[in-house]
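Remember, it's 1-based here, ligands and their atoms both numbered in the order they're listed. Since this is a predicted model, take the numbers as computed values, not measurements.
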Amino acid sequence: MNRRTFLSAATITAVTAGMAPLLTGRAGAEAADTPGERADALLAKMTAAQKEALVRCDFQALTGPGIPALTMVDASAGLRGEKGVTAFPVPIAQAASFDTDLVKNIGTAIGTEGRAKGYNNLLGPTVDITRTWHFGRQAEGMGEDPVLAGELGTAATVGMQSRHVVATVKHFAAYTQETNRFFTDVKVSDRALREVYAGPFRRILRAAPTTSVMMAYPKINGSFATQNPALFTLLKDDLGLTGYTVPDFWAGDDQVAAARAGMDLAGLGPGGVKLTAGQLTDGSISTERLDDAARRILTAMYAGGLFDHPLPAPADNVSSRAHQDLAHRAAVGSTVLLANRGAALPLPASLKKIAVIGPAGTDTYTGIAGSSYVDPGSWTTPAQAIRARAGSTAVVTAQGTKGDVPLTPVPAGALRTSTGAAGLGVSYYAGGEASGTPLATGTASNIDFTSAPVDDLPAVWSAKWTGTLTPTVTGLHRFSLLPAGTARLKIGSATVVSGTRHSRRFFLGPFDYPLHGTAELTAGRPVTVEITYTNATADTGTCGLTLGWQPESLIPAAVDAARGADAAVILVNRVAGEDMDHQQLDLPGDQNQLISQVAAVNSRTIVVLNTDGPVAMPWADKVAAVLQAWYGGRGMGTALAAVLFGDSDPGGRLPVTFPKDATQGPGTSQAAYPGVNGTVTFGENTAVGYRYYDTKNQTPRFPFGHGLSYTAFTHGSLEAAWDKAARQATLAVTVTNTGTRAGTAVVQVYATLPSGAAAEPRRLVAFRKLALAAKASSRLEITIPADDLTVWQSGKWQLTPGTYTLAVAHSSRDLTAQRAISVS
Ligand code: BGC
């Protein structure tokens, strides 16, 4: 359930509107003082009530001490909820770039736009570790590896904060699923918590200790992250945060307990209700804790330059040509060429005709739904960009599939009750089981409601609709359910669609969250249908269901278009967002059928995945090439055209492992995902991502770090040594572009620890991205600090003496050279 249902977008606006910039300016300290000293000097002049007002986010009360209001906006891929801003690729795409300079530039651009729009506290970057492919917000994080997410999260944070804003790194910690997100109790070992989930934060805070951190929704080992003293100790004492903590909006259940445990900006608590004046000065929390919280907020504000650089008046359009070019480069740099048989890509200029199939227009997804959605404004769609770039090659388009959208409601005319009336028979029940004695029965002309269809239903209710459906055409029919709750469609004895959505769409972001299925049906031949539904799993107090269909398949026309073309580029998509998890690895709807049928008639079939992560690829051996385009922001179309035609090398590598099927990877049992009785057990311990596949000897579809180039790179022999005095490993390797065109290499370094460390087979310890001209070489020298080779054992970080094997690699499963070093 999702308590956030009760809170409208207006509530968020109210929270932030109350933070309009007030008085700004120097507040009584010398410029040479450190941020901490300036915070202390100001604190010494503040009353307890003023300190409390700061902690409660009541900036109206702080005009006296001249403290500027914090103005917040979500900002992982650009500014949420604004017009005239730049939509960058989603964070998982940024992670796929493996490019710290690029991500720093994106951070700087978002910081620049944030300030220009009147915000001085940007809620991002997000570095939640991808634990399972189910996670509906995986696109908002930076992948499955703590070093990758940590390095790129650092780049984003440092970039943003260079523009005189405070970044809020999200979400601490172990937030890995949307199902039951407000209440899930995560059982995670101390070691996994520190090495994996807190790993990115550890790196970011080393570089930017005065930043701020958002505490996550779930409970960690029994206590809400927002109210969990052990988590605050970890963050502040061990990881070194000297800035402030803030709760995720509406997290936890007790703001005073949160403030006592270590929440600094404690005012944004459960229910969006601010603490009222006096709640923290009545002895509920110690004066030391109140001082500490206020000092941390002020320290981050001084360090960020918020006192010295007052915000400008907000501008309408803050997206510049330079930022738009950066968005294009970022989308190129994050596009992963997963497979490329027979050098199908880049498309040669000699092709006479290309068919562009699938959601390639404004139905392309540029971002994730929810609090990180960024309006792309006017942008060039893939179809437009391909057409513009194709030159003398003709481009034909065919829709092929509607992609991941709800379909139009099945009309009464196609349905018959058991007594022959138009529509379906329906029975309503108390509780979630759709069984027992009905509360009411009747006839429904169709299924399409967003409030209780009959009066007097209890808070939790269920329903069953039955009857027949008579098709008017023969062939593949698509069906969709758009529930707030759990629903299932059976045709005959087969379950065609089933699943749960807590909400039909999140209140931020423009996408619905439908569930899909297909069935082959014959014109004029009735089939029995049964739809069951309950709102027991919907966001509290809500209900809704739409049964949609698409009787006429768009696939035959797309196959015709592909048959007459020299190449077929098929875009397929999947919606992702807040308050939803993926329940199936399969592409939604008829998209697998579309790909298979097009590939059967066109040997140069290129699949472009407009998804947030892995999908099953039953057609993998039948298509010529596969590109992972993620949700690429406003530059997605032009970047795709540049990559398809070979103007740019596909620069991305996978920041997450792509499983072959849903049996692989962590989270395959109910206890591990989505949990039993509200408890999720991270039984895989530290074996997250590729570490799991390595530990379990599973061969994924595509390994972590994988991605092809249009050229080829070799690694020379590896030099490696342990520098005991400096407590670091040093290594050097020469990378050569052996091909005939320029390209971008991503050199990955993995370490295998001695057995005493009881670690997984290997872990990423460094990566470098470099552009190399044809036949060019470059010598890379990399140092790996001891910290990156330590493990958390017996309650402390330990560097296990013994033999470490360092390997350079193209991916976690493609090691090119190895060298053992002895660490003492
Ligand atoms: C999200 C946060 C976000 C906040 C404010 C929450 O639902 O989890 O990431 O910062 O909303 O929009």
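Using a 4.0 Å cutoff on heavy atoms, R80 counts as a contact of ligand 1. No heavy atom of W250 sits closer than 4.0 Å to any atom of ligand 1. Using a 4.0 angstrom heavy-atom cutoff, M72 does not count as in contact with ligand 1.
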Margin query: For F224 and Y217: C-alpha separation, side-chain torsions, deciding distance, then whether ring pair (Phe, Tyr, Trp, His ring centres under 6.0 Å) applies.
Written below: CA-CA 7 Å; F224 282 115; Y217 287 128; 9.6 Å; no
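Distances below 4.0 Å separate heavy atoms of Y217 from the following atoms of ligand 1: 6 (C), 7 (O), 8 (O). Residue contact check: H171 has heavy atoms under 4.0 Å from atoms 2 (C), 8 (O), 9 (O) of ligand 1. Every atom of ligand 1 with a heavy atom of D248 under 4.0 Å away is listed here by number and element: 1 (C), 2 (C), 3 (C), 4 (C), 6 (C), 8 (O), 11 (O). Close contacts of ligand 1 with E578, meaning ligand atoms under 4.0 Å from a residue heavy atom, involve 1 (C), 6 (C), 7 (O), 8 (O). Close approach of ligand 1 to L123 is summarised as follows: ligand atoms under 4.0 Å from at least one heavy atom of the residue are 10 (O).
Judged by distance alone, the side chains of D264 and T245 do bring a donor and an acceptor atom under 3.5 Å apart. With 3.5 Å as the limit, one finds a donor-acceptor pair spanning the side chains of T611 and Q628. No side-chain donor-acceptor contact under 3.5 Å links T210 and T299.
Under the 6.0 Å cut-off for aromatic ring centres, F511 and F506 do not qualify, their centroids lying 6.0 Å or more apart.
Of the heavy atoms in E140, none comes closer than 4.0 Å to ligand 1.
On a distance-only criterion, R137 and ligand 1 share at least one N/O pair closer than 3.5 Å.
The aromatic rings of Y175 and F135 lie perpendicular to each other, with more than 60° between the two planes, well past the 30° mark.
Expressed to the nearest 0.5 Å, how far OG1 of T211 lies from CD of Q161 amounts to 3.5 Å.
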